[in-house]
Student: 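I am attaching a structure below and will ask some questions about it afterwards.
These numbers come from the heavy atoms of this one structure, side chains and all, not from hydrogens, waters or symmetry mates.
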Amino acid sequence: MLNKDRVKERFETLKIESRKRLEELRSESKERLEELKVEGSQLADKVRDIINEGKARKVTIRKGDRILAEFPLVVGIGGAAAAVIMSSTLAAVAAIGALVSDVTVVVHRDTPQHSDEDAQMVEFTEVDE
């Protein structure tokens, strides 16, 4: 005979464990790099577009093998909020663009390893008999 309280306790434990694992899968990420060749005059506009997009984690500006600037971004903040927060950074990028001809912009992005289709939460409901 099944003990109803024991089954209910085990059910709750499994539910908590499955939620924890789902959160772990969602938080795991892998960094993806994009390299863009940009002329100095277009540098500030390109970086502004990347910031407004709100999906980049970090931007690095290189000239050959030399890093000219590197700055972190707040993921998820785009549009007007990003323009206000990053205005001093954009001014520095514009100054770099005025001094150099061709640069490489390296965009660091986070891409999840598992999609929501790979890890789905199944909700259970209690059935009283």
Student: To the nearest 0.5 Å, what is the distance between CZ on R10 and CG on D5?
Tutor: 16.0 Å
Student: Going through the distances and angles, do V47 and L90 end up as a side-chain contact (heavy atoms from CB on, under 4.5 Å)?
Tutor: CA-CA 8 Å; V47 171; L90 285 172; 4.0 Å; yes
Student: Would you say K63's side chain and D102's backbone share a donor-acceptor pair under 3.5 angstrom?
Tutor: yes
Student: For residues L43 and V105, determine if any side-chain heavy atom of one lies less than 4.5 Å from a side-chain heavy atom of the other.
Tutor: yes
Student: What closest approach, in Å, do V93 and A44 show between heavy atoms, and which atom pair accounts for it?
Tutor: CG1-CA, 3.9 Å
Student: Working note: F71 + T60, criterion side-chain contact (heavy atoms from CB on, under 4.5 Å); need CA distance, chi angles, decisive distance, verdict.
Tutor: CA-CA 7 Å; F71 50 93; T60 304; over 6 Å; no
Student: For residues V59 and V106: do they belong to one hydrophobic cluster (side chain heavy atoms under 4.5 Å, members Ile, Leu, Val, Met, Phe, Trp, Tyr)?
Tutor: no
Student: Would you indicate whether the side-chain heavy atoms of L36 and K46 approach each other to under 4.5 Å?
Tutor: yes
Student: Could you please spell out the steps behind the side-chain contact (heavy atoms from CB on, under 4.5 Å) verdict for E53 and R109?
Tutor: CA-CA 11 Å; E53 183 181 307; R109 300 181 190 274; 2.5 Å; yes
Student: Is it true that D45 and R48 have a side-chain N and a carboxylate O under 4.0 angstrom from each other?
Tutor: yes
Student: So does E35 pair up with R62, basic N to acidic O under 4.0 Å?
Tutor: yes
Student: A56 and I50: which non-hydrogen atoms are nearest, and at how many Å?
Tutor: CB-CG2, 3.8 Å
Student: Go through L68 and V103 one step at a time and tell me if the side-chain contact (heavy atoms from CB on, under 4.5 Å) criterion holds.
Tutor: CA-CA 9 Å; L68 302 176; V103 294; 4.1 Å; yes
Student: CD of E9 to CG of L14: how many Å apart, nearest 0.5 Å?
Tutor: 11.0 Å
